[in-house]
Number of protein chains: 2
Amino acid sequence: MFSKSCEYAIKAMIFIAQKSKDEARVGIKEIAKGTDSPEHFVAKIMQDLSRRKLVHSVKGPNGGFYMDHFDLKTSLADIVKAIDGDSIYKDCVLGLKACSEKNPCPVHNEFKEIKKNLIMMIEDNTIGDFNEKLDSGKFFLRNK
Amino acid sequence: MFSKSCEYAIKAMIFIAQKSKDEARVGIKEIAKGTDSPEHFVAKIMQDLSRRKLVHSVKGPNGGFYMDHFDLKTSLADIVKAIDGDSIYKDCVLGLKACSEKNPCPVHNEFKEIKKNLIMMIEDNTIGDFNEKLDSGKFFLRNK
DNA sequence: AAATTAAAAGAGTTTAATATCTTTTAATGG
DNA sequence: CCATTAAAAGATATTAAACTCTTTTAATTT
Ligand code: FES
Ligand code: FES
């Protein structure tokens, strides 16, 4: 569904949002541990998200990543597009050069609704929406 | 969504089904051309599908791949499971070790419905179902 | 039986995703 | 301004997916 990079990105963003409630900065080690992700790899991904302004960072002592009130409005779709591009928007499920109504593959109509629901879902859910969920203690960013 | 192998597999199966209507055998070259897939690669995939009895083959002159009436009942899910395994059934969207109600990731509930619809769709649609669609001339296994 | 055909099998290559390690830059605190 | 901290950047390594090529096996046709 999503690439590993994208999975790490979403988990990291949700993790940072959670910790950013009280203006705290989150270090890359903490993110990696909190989301059970490879530290150096998720660091690379955070650099990318940071360059794209989906998250902010400060270097040096007491530095790390954080989100402001505006950043919490980032949707899952924003993250997916930043990391995986728009392939889930435009690619044909069977790999035709393009997905279109003009030249549809045999499963085009069957997948149309599913893709629409998927896209609606990731556009509607923002990073901030997950804060309460995690607070409730009924949802997790890692297991073990 | 699916691996490239799986895309080729589905297209190849639909293609063979179409040609099997009149007991014909379809060679690997024809499959590759008809589905715009790399010949040797799709050959490997067909070997796999053949070993798993989702399709039949005969060697030698006038040989090739074919499907009998029973094979047309193969669902898209059968092909997906044969090639990509059951990852779309059991994997967590965010890569947790397992997807479960006990230890759900933050997006578990949002994705549950989408995954359910996806699975229902691929279980309900059989290879035979696509014969008429292709006959209608309104659906394609390749473009250009 | 020999020649031919086409899939099966095996082995190898290329490419992209994933992951790790090292060096540099920027911020802070003493 | 020096030492420390932590992210940014760069470079390298590993793995798996995607793709290709060659040889073998099993049919058919003559
Ligand atoms: S053409 Fe294949 S999904 Fe639209
Ligand atoms: S736990 Fe993540 S999708 Fe179910």
Side-chain angles (χ1 to χ4, degrees), chain A residues 1-13 15-16 19-20 23-33 35-67 80 82-85 87 91 94-95, chain B residues 1-13 15-16 19-20 23-33 35-67 80 82-85 87 91 94-95:
Chain A
M1 178 123 279
F2 303 126
S3 68
K4 235 75 186 65
S5 295
C6 196
E7 290 176 7
Y8 296 144
I10 293 170
K11 283 189 286 190
M13 289 288 279
F15 184 80
I16 296 164
K19 303 277 176 181
S20 288
E23 305 288 307
R25 276 83 179 269
V26 196
I28 198 67
K29 282 203 177 94
E30 200 183 342
I31 295 170
K33 275 174 191 153
T35 61
D36 199 21
S37 306
E39 181 184 327
H40 296 284
F41 191 36
V42 87
K44 284 276 136 197
I45 295 161
M46 290 316 299
Q47 280 172 36
D48 200 357
L49 294 175
S50 179
R51 253 181 267 112
R52 292 163 187 276
K53 312 285 187 200
L54 299 188
V55 70
H56 294 96
S57 69
V58 284
K59 292 182 176 180
N62 202 33
F65 298 89
Y66 67 95
M67 288 183 198
V80 172
I83 306 295
D84 285 350
S87 58
D91 284 5
L94 294 189
Chain B
M1 178 124 278
F2 304 127
S3 68
K4 236 74 189 60
S5 295
C6 197
E7 290 176 6
Y8 295 144
I10 293 170
K11 284 189 283 189
M13 289 289 279
F15 184 79
I16 296 164
K19 303 276 175 182
S20 288
E23 305 287 309
R25 277 84 177 268
V26 196
I28 197 68
K29 283 204 177 95
E30 200 184 343
I31 295 170
K33 276 174 192 154
T35 62
D36 199 20
S37 307
E39 181 184 328
H40 296 284
F41 192 35
V42 85
K44 284 278 133 196
I45 294 162
M46 290 316 299
Q47 280 172 36
D48 199 358
L49 294 175
S50 179
R51 252 181 267 114
R52 291 162 187 275
K53 311 285 188 202
L54 299 187
V55 70
H56 294 94
S57 68
V58 285
K59 292 182 177 180
N62 202 33
F65 298 89
Y66 67 95
M67 287 183 198
V80 171
I83 304 295
D84 285 349
S87 58
D91 284 5
L94 294 189

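In what follows, every heavy atom counts, from backbone to side chain, and hydrogens, waters and symmetry copies are set aside. Within every chain, numbering begins at 1; the chains are lettered A, B, ... in the order of the sequence lines, protein sequences first and strands thereafter.
Across its full length, the helix from C:dA1-D:dT30 to C:dG30-D:dC1 shows an angle of 10° between the axes of its 5 terminal pairs at either end, rounded to 10 degrees.
In this view, A:S20 satisfies the side-chain hydrogen bond (donor to acceptor under 3.5 Å, both in side chains) rule with no residue, not counting sequence neighbours. Residues passing the salt bridge (charged side-chain N to carboxylate O under 4.0 Å, His left out) test with A:D48, sequence neighbours excluded: A:R51, A:R52. Judged as a side chain to side chain contact (heavy atoms under 4.5 Å, CB included), and not counting sequence neighbours, the contacts of A:S5 are A:S3, A:F41, A:I45, A:I83. Under the side chain to side chain contact (heavy atoms under 4.5 Å, CB included) criterion, B:S87 pairs with B:D91, not counting sequence neighbours. Evaluation of the salt bridge (charged side-chain N to carboxylate O under 4.0 Å, His left out) rule for A:K4 yields A:E7 as partners, not counting sequence neighbours. With sequence neighbours excluded, the residues satisfying side chain to side chain contact (heavy atoms under 4.5 Å, CB included) with B:A43 are B:I28.
Minimum interatomic distance between B:A24 and B:K19 (heavy atoms only, all atoms of both residues): CB-O, 3.5 Å. In this structure, B:V55 and B:M67 approach most closely via the heavy-atom pair CG2-CG, 4.0 Å.
Along DNA chain D, the nucleotide closest to B:V58 and the one closest to A:K29 are compared, and the more 5′ of them pairs with A:K29.
From A:K33, atom NZ reaches atom NZ of A:K29 across 7.0 Å, with rounding to the nearest 0.5 Å. In this structure, CE in A:M13 is found 5.0 Å from CG in A:L54, a value given to the nearest 0.5 Å. Rounded to the nearest 0.5 angstrom, A:M1 CE and B:L94 CG are separated by 11.5 Å. Atom OG1 of A:T35 sits about 12.0 Å away from atom CD1 of A:I10, to the nearest 0.5 Å. One finds the CD1 atom of B:I31 at 3.5 Å from the CD1 atom of B:I16 (value rounded to the nearest 0.5 Å).
Applying a 4.0 Å cut-off to non-hydrogen atoms, none of the residues of residues 2-11 of chain A approaches DNA chain D. Taking a 4.0 Å limit (strictly below) on heavy-atom distances, residues 37-49 of chain A reaches DNA chain D at A:K44, A:Q47. Taking a 4.0 Å limit (strictly below) on heavy-atom distances, residues 59-67 of chain B reaches DNA chain D at B:K59, B:G60, B:P61.
Residue-level contact check: B:V55 touches neither bases nor backbone, having no heavy atom under 4.0 Å from any strand. As judged by a 4.0 angstrom heavy-atom cut-off over every strand, A:R51 is placed among residues touching the sugar-phosphate backbone only.
Contact footprint of chain A on DNA chain D: nucleotides with an atom under 4.0 Å from a non-hydrogen protein atom, first to last in 5' to 3' order, D:dT4 to D:dG10.
Following rounding to the nearest Å, A:M1 (CE) and C:dA17 (P) show an atom-to-atom distance of 17 Å.
The side chain to side chain donor-acceptor pair (under 3.5 Å) analysis of residues 54-65 of chain A, with sequence neighbours excluded, yields the pairs A:H56-A:D71.
Between B:F15 and B:E30 there is a side-chain heavy-atom pair separated by less than 4.5 Å.
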